[in-house]
Amino acid sequence: MDDAQPCPCKRGEPFGECCGPVLAGERSAATAEALMRSRYTAFAVGDTEYLLRSWHPSTRPKTFDLDSDQRWLFLEIVRTERGGPFDDTGTVEFIAHYKAEGRRGSLHEVSTFARVDGAWVYLDGIIEP
């Protein structure tokens with residue numbers, strides 16, 4: 001993805017200043033929400049390596065495949081709990097909108113994040129109806 005393009009997480013910054021450096025391993029996500037946004041961006045650009053790297057070792061699958069027919073459209077952050085620079089855990093509730101097979105859909109999840117060796121990682125999530 002071109003660094004000058006808007007970041008898929010829709011935070012309002014160019015990819016090269018927003019999630020791009022996090023996906024590239026040049027810097028860590030500062031908060032649980034920032035990690036959530038970077039993981040959404042990884043889904044949008046098809047970066048499975050980053051998704052696996054940013055997954056908690058105790059819940060990380062050995063392999064992970066993305067649906068090539070699914071196109072991620074935009075992300076809504078509903079709420080966050082903790083997950084700040086001085087926290088060890090955090091929760092982010094979000095709705096990720098997508099298009100697949102010509103139809104729009106959404107994924108509503110409450111995700112839990114934790115720090116491992118000082119870096120935020122995705123622990124698990126509960127999908128909301």
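Only this structure's heavy atoms are used, side chains among them; waters, hydrogens and symmetry mates stay out.
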Exercise for the section: Determine whether C19 and R37 make a side-chain contact, defined as any pair of heavy atoms from C-beta on separated by less than 4.5 Å. Expected result: yes

Fill in the blank from the handout: When rounded to the nearest 0.5 Å, the distance separating CG of L107 from CD of Q70 is 8.5 Å

Exercise for the section: Kindly indicate whether the side chain of L75, heavy atoms from C-beta on, has any atom under 4.5 Å from the side chain of I77. Expected result: yes

Donor-acceptor pairs under 3.5 angstrom involving side-chain atoms of residues 89-104: please list them, not counting sequence neighbours.
| unit_1 | atom_1 | unit_2 | atom_2 | d |
| --- | --- | --- | --- | --- |
| E93 | OE1 | R79 | NE | 2.7 |
| E93 | OE2 | H108 | NE2 | 2.6 |
| H97 | NE2 | E76 | OE2 | 2.5 |

Practice task
Give the intermediate values and the outcome of side-chain contact (heavy atoms from CB on, under 4.5 Å) for residues S38 and C9.
Solution key: CA-CA 7 Å; S38 70; C9 83; over 6 Å; no

Practice task
May I ask whether I127 and Y40 are part of the same hydrophobic cluster, defined by side-chain heavy atoms of I, L, V, M, F, W, Y residues being less than 4.5 angstrom apart, directly or through others?
Solution key: yes

Problem - D3 side chain reached by P14 side chain, heavy atoms, under 4.5 Å - result: no

Exercise for the section: Kindly indicate whether the side chain of S28, heavy atoms from C-beta on, has any atom under 4.5 Å from the side chain of V22. Expected result: no

Practice task
State yes or no: do L35 and L52 share one hydrophobic cluster built from I, L, V, M, F, W and Y residues joined by side-chain heavy-atom distances below 4.5 Å, directly or via other members?
Solution key: yes

Exercise for the section: State yes or no: do V45 and F43 share one hydrophobic cluster built from I, L, V, M, F, W and Y residues joined by side-chain heavy-atom distances below 4.5 Å, directly or via other members? Expected result: yes

Practice task
Could you tell me the separation between the NZ atom of K10 and the CG atom of L73, rounded to the nearest 0.5 Å?
Solution key: 8.5 Å

Practice task
Step through the shown structure and confirm whether more than 12 heavy atoms of other residues, nucleotides or ligands are within 6.0 Å of CZ on R11.
Solution key: no

Handout entry: T41 side chain near W72 side chain, heavy-atom distance below 4.5 Å
Key = no

Fill in the blank from the handout: Scanning both residues in full, the closest heavy-atom pair of A34 with A30 reads CB-N, 4.1 Å

Practice task
Mind listing the closest non-hydrogen atom pair of A114 and H56 along with its distance?
Solution key: CB-CD2, 4.4 Å

Practice task
Compare every heavy atom of D47 with every heavy atom of Y50, then report the nearest pair and how far apart it is.
Solution key: N-OD1, 2.9 Å

Exercise for the section: Please confirm whether R39 makes a cation-pi placement over W120, using NZ or CZ under 6.0 Å from the six-membered ring centre and within 45° of the ring normal. Expected result: no

Problem - Any T48 side-chain heavy atom under 4.5 Å of L66 side chain - result: yes

Problem - Within one Ile-Leu-Val-Met-Phe-Trp-Tyr cluster: F64 and L23, side-chain cutoff 4.5 Å - result: yes

Problem - Flag side-chain contact, heavy atom, 4.5 Å: E128 against V110 - result: yes

Handout entry: Residue pair S111 / E109, side-chain donor-acceptor N/O under 3.5 Å
Key = yes

Handout entry: In one Ile/Leu/Val/Met/Phe/Trp/Tyr side-chain cluster, 4.5 Å: L51, M36
Key = yes

Problem - S54 side chain reached by Y122 side chain, heavy atoms, under 4.5 Å - result: no

Handout entry: Main-chain N/O of D87 paired with R82 side-chain donor or acceptor, under 3.5 Å
Key = no

